Amino acid sequence: MSATQAALRGEVSIRRLSKAFTLNDRRLDVLKGLNLDIRSGECLVIVGASGSGKTTLLRILAGLESADAGEVDIDGRPVDGVGAERAVIFQEPRLLPWLTVLENVTFGLDIRGWPKGEAKAEARHYIELVGLADFADAYPRQLSGGMAQRVGIARALTVKPEILLLDEPLGALDAMTKIAMQQELSRIWREEKVTMILVTHDLEEAIYLADRVLVLPSNKAQPPRLIDVDLPRPRERSSADFVALREELLAEFGLH
Amino acid sequence: MSATQAALRGEVSIRRLSKAFTLNDRRLDVLKGLNLDIRSGECLVIVGASGSGKTTLLRILAGLESADAGEVDIDGRPVDGVGAERAVIFQEPRLLPWLTVLENVTFGLDIRGWPKGEAKAEARHYIELVGLADFADAYPRQLSGGMAQRVGIARALTVKPEILLLDEPLGALDAMTKIAMQQELSRIWREEKVTMILVTHDLEEAIYLADRVLVLPSNKAQPPRLIDVDLPRPRERSSADFVALREELLAEFGLH
Amino acid sequence: AKAEEVTIRYLASQGGIAPHELADYLGYYRDAGIKLDRIGYAKGGPESLFALASGSVDLGGAATPAVLNSIASGNDFVAAYPSNGVNATVKSTFYVLDDSPIHDIKDLAGKTIAINTLGAHLDYTVREAFHKAGLPETSANLITVPGPQLEQTLRSRQVDVAAIGYWQQTFGGALLKTGGVRPIFTDQDVLGDIAGGFVVLRRDFIAAHPETAAAFVAGAAKASDWANAHPDEARATLADILKARGENPDIAQYWQGFGLRAGAVTEPHDLTFWIDTLERGGKIPQGKLKVADILFDPKTKTAAK
Amino acid sequence: MTIQDVNASLALGADGVRSANAGAFGRKALQLIGDLATRFGVLIAFALLWEYGGRLGFLNSAVIPPLSDVIAALRDGLVSGPLKEDLGISLTRAGIAFGAATVIGIPLGLVMGQLPTAEKLIDPLLQLFRQTSALALYPVFILLLGLGETSKVFVIFWASLFPILLATIGGVQEVDGKLIEMARVYGARRLTIFRRVVLPGAVPQIFVGLRLSATTALLMLIAAEMIGANHGVGFQVMNAQYNFQIPLMFASIVLLALLGLAANYAILGLQRRLCRWNSAG
Amino acid sequence: MTIQDVNASLALGADGVRSANAGAFGRKALQLIGDLATRFGVLIAFALLWEYGGRLGFLNSAVIPPLSDVIAALRDGLVSGPLKEDLGISLTRAGIAFGAATVIGIPLGLVMGQLPTAEKLIDPLLQLFRQTSALALYPVFILLLGLGETSKVFVIFWASLFPILLATIGGVQEVDGKLIEMARVYGARRLTIFRRVVLPGAVPQIFVGLRLSATTALLMLIAAEMIGANHGVGFQVMNAQYNFQIPLMFASIVLLALLGLAANYAILGLQRRLCRWNSAG
Ligand SMILES: Nc1ncnc2c1ncn2[C@@H]1O[C@H](COP(=O)(O)OP(=O)(O)OP(=O)(O)O)[C@@H](O)[C@H]1O
Ligand SMILES: Nc1ncnc2c1ncn2[C@@H]1O[C@H](COP(=O)(O)OP(=O)(O)OP(=O)(O)O)[C@@H](O)[C@H]1O
Ligand SMILES: [Mg+2]
Ligand SMILES: [Mg+2]
């Protein structure tokens, strides 16, 4: 199942991945022998209780954190640090306070050496897409929480990575904006054929976007669970299958 | 309707409240002539699109931001700066990085001059309540996003204010933790008879907790809307009335 | 009658002594009831003048122009006696390296001369020398270099000429000991015998202790005469004094004397030369200072005014 | 359940509007006066104390001449006296040294703050040198750099390097690690992270260093111009002191202090311009 | 739709485990050696250069005696010579001055950083004084404070106050305003906010100031002990120079530098202890 063909972009293979933190001399197992293959162009959604290790897993995939044991391969090569084929949307917006919204969104393109004008045009496109066209010249401290989060999303989208890692990207958005953004993410994922790994607490969002849902347990004695979501797309939130799957996921969480 | 009787604790009266920001020479109306009375012991939930002014309104009520025009009276006295009768849970956790979880949670009690031992015992109670008993000695940078948010909640609950102002307090929590916390908030609200003003993007949460829901419009030409939630408590999320009201609110947002 | 006991606090300078220190060491002050109390070191005379003005010490000592400036600016100081000066044995010498193209004053034009302070003794020695040689007074480039660095800067050819002041005999002695240098001229060639610096007392101190002041000056004069008469003993004594102070006694070998006339007397010229120079330069107002007003007279035990 | 229009549900009284803008202009004018009074009040009090301290017997005016005499000496010195020329010479020396300290201190501080190896390598030596007074090392400087401008500028440079360097290192280490992580995942190389994240993030601290350093540069003029000099404001301070020309000495000190003050506020002004994002709108 | 156990769904090979801990001990030992080499390599190279520079003709050993002579002079001076006593005297002076600068500078900086009015009131005067060299103001100090310990300690205090003060003000103004807001809504009064939010938040910058200031205190010993002193390491630097005791002069300089180095690392150590939250587990 593990791929060594270079042709495959954005394929992730996780083998026996373990990670523990030390907290005041107490050992805290966060990931324990995780095995997982993520297909090229797949949308994997990670859910789990607060503190179950979602961010940690994402950070290891991003190359920001090193595992204690195990392997992560991307397109057949072991992950060693960050890489240009991956982009991350963090749990916090992480905007540079001294740059305007427009400048923050061009940041990734600047680094990739895009000419100023093209980078700006591209950035403006994504700023419009997240609904902040009127705020292109605002500084981060002039934004509301949800607006800042959307700037972070726009910034990650500009660089068109093979693998997009998203940590609760829509958590601070109202219902309507959130649905619009979910549609956008779904469209971009489909059109750009990007591998998407997304952490969320919103099970509806998980089912709306996911090919598969990974449920990380709080109790590390239990194994993680994978749930296939084989609903046709575009998905209808009020469809019976959708609602049934949502119930099933809730049950997985011990609810209902 | 405005009360001057000192007997009423936690009554809020808002008159013609207006607030605008200047953004690169552009005037940005955020609140425009808002009128609202919040009863003692009421639970008012504020919803609205990202950037519609929820945080701004909460900050004015907290005394952290001054209005351009209009009046806010609490228990008959005009608001002038912060006050010990109000506590705030911010949109970000705002923990002191050099203090442990336990020390962060005792912060409010320390300031109120509680003896060390009692403050610690009280703090431990709330830390347990938000499910972080194992992390009392951790530092903020060792916490996950949702854990940090829960520490902020515990800290605000310790001080038992007359008015509790909450800005998306459960936004970073998973479904199960969130429901547990909603039940806790509801119980504390009922038992302590605190006036609760809560911002959320989760309409289910709004209906579960609210006496009334205030919908702030994005377009300031439209007036804000108030929606009464007269469902019996404890509320059942799957009850027909609950679901119907949720549909109604979604429609208010232009969804469905 | 037994003389009153008076303690005189003062600041010493490193590597050298003033006549009153020698007098004290030789026991000349014992009967006069004068006790000298060395409370520290001053690097340069003006600092002792500031200390005198502040009442931290009871005597100061500085080069003549600094003393005159201090009195002109309103300090009620009196020049007690000249503490050092220029004569046939003690003098400031302008040295060059052996292979230098400079041979006399005329060759100095356009050259760099290291001296310790501008606007004071050596500065005016050079001006006077140029004046006498018929050259503009500012023909050479004078720069300030502290004593310890004079030899180093000369030998590394960063300056063409190093002027060793008569009060810097230790540096001159060390320079000559290493050798490879030759003198061009001295201040004595230019100015003749002249006092270079004065010990200064406060007028109110003199008024309060006229006898003590007179005895102080007399003892210092006696010590100066003794040093003139017994230069080798004087050097040995200096070595003892330096050793007692925890300084390097070896440098006593370079010491040549105080450079004072017999009886450490002041000639009017010692002061008028500088009064004229400073008045000409506009540093002090015309006619403000008169020698009689500022010089202690041991006979009347006062200064006029 | 009822949905209602919030504003319509209330009987409105026009008196409810707080007159937030009434008298705003008058208040602003008053505020400005108060502002200037607090800003310069203490300074003026100090000047008065100086001027009249001697006359009222607090100060010995033979050693501390009244301010008016000092100002007169300063004016004379600048108009027709030595200070005019001295000013240019000293500003050049301090300026070159401060410029060099900036140009070397900031990049070095950025590197040392970011690369532990570089810090480990250079830090002990730097710390040792930092502890060494330029005043004491004169013989060494003269030996290695001569008596000319080089050694004077170097003495000043040396002393002004460390405030910038330490402040920059401190500033860099304070930069939010989360922002650096963000830049890394966008593929920024070390140099880009320096330029786009670390440098702007450290700017406030760097400016503290610059202000300390500019002051140091001007203060070191006195020490630097003690040797091998015949011009310069610092030279005048010591030379006037040696010759007991007290008003000229104070005039030179005041001139240096005013230069320092000007440099300080110029750098503050530059910082405000650069950090407009912090206070805009 | 199927729910599956992730781990069970894979055929596992034991070879997949990366041997992250293999050879960890050997690597650590090597790392330590490398660490020490980088940390002290440059220092040792410098010492060798000094020692052999004279013998190889790079340096004039009459001006810069070889390091071994200096170390010998240092040992003699400390064991039987003047430096033993000097050390105690100088440490007392620098210590008192630095202590006073800390005790006054930090609270003053905290106040000035927080209260715009206080800053406006004091800043211009302070800025003016900051620009004024202790070296130049000696006459004034002698006049106002006499020749005793007071003026010496005050000169050192004066110079070491400003690094602490400016760094503290800078640090305070950098403290996250969101945390201060948080403390305010919990009813914290100004003093509590100072103590519990502003002070800990400004600690890293304050420590930069403390380190600069400790250095300054030791460096100022030379200037302070130049006048009216009989003892002290700074006094020895100048005294030895005037007495042709060049090795003793360098020994005193080295002693001051070592003191400064010790102070620097002591303060760094204290900072690490205080800021454990930043690096814990
Ligand atoms: N300091 C400021 N300067 C300028 N504009 C500001 C400032 N603070 C807030 N705003 C603007 O005010 C509007 C309302 O912001 P607010 O934070 O109240 O929104 P919100 O309803 O809380 O949104 P969210 O749900 O995204 O948190 C936004 O358009 C924002 O850009
Ligand atoms: N640097 C660290 N040091 C010690 N423990 C840490 C550190 N980072 C994370 N942890 C711990 O690891 C666990 C998992 O954290 P992680 O951030 O991955 O959770 P999460 O699943 O993202 O939770 P959330 O939904 O609340 O964001 C938590 O218990 C946390 O306390
Ligand atoms: Mg997380
Ligand atoms: Mg908000």
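Letters go in sequence order (proteins before strands), and every chain restarts at 1. Keep in mind that the numbers below use all heavy atoms, side chains included, and drop hydrogens, waters and symmetry copies. Not measured: the values here are computed from a predicted model.
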Side chains of A:Thr158 and D:Tyr186 in contact at under 4.5 Å (non-hydrogen atoms): no

Toward chain D, the part of A:Leu165 with a non-hydrogen atom under 4.5 Å: neither

Between CG on residue A:Leu99 and CZ on residue D:Arg196, distance to nearest 0.5 Å: 5.5 Å

Which of D:Gly201, D:Ala183, D:Pro200 touches chain A most, by non-hydrogen pairs under 4.5 Å: D:Pro200

Distance (rounded to the nearest 0.5 Å) between D:Leu199 CG and A:Trp98 CH2: 9.0 Å

A:Ala156, part contacting chain D, at a heavy-atom distance under 4.5 Å: both

Heavy atoms from other residues, nucleotides or ligands near NZ of A:Lys19 exceed 12 (cutoff 6.0 Å): yes

Region of A:Val159 that comes under 4.5 Å of a non-hydrogen atom in chain D: side chain

Spatial distance of atom OG1 (D:Thr192) from atom CZ (A:Phe107) [nearest 0.5 Å]: 8.0 Å

pair D:Glu181-A:Val88: side-chain heavy atoms closer than 4.5 Å: no

Heavy-atom donor-acceptor pair, A:Arg112 side chain to D:Gly187 backbone, under 3.5 Å: no

Segment of D:Val197 engaging chain A (4.5 angstrom heavy-atom cut-off): both

A:Arg94 bridged to D:Asp176 by N-O distance under 4.0 Å: no

Contacting region of A:Arg155 [heavy-atom separation from chain D under 4.5 Å]: both

Within 6.0 Å of CZ in D:Arg190, more than 12 heavy atoms from elsewhere: no

Distance, nearest 0.5 Å, that separates CE of D:Met182 from CG of A:Leu95: 7.5 Å

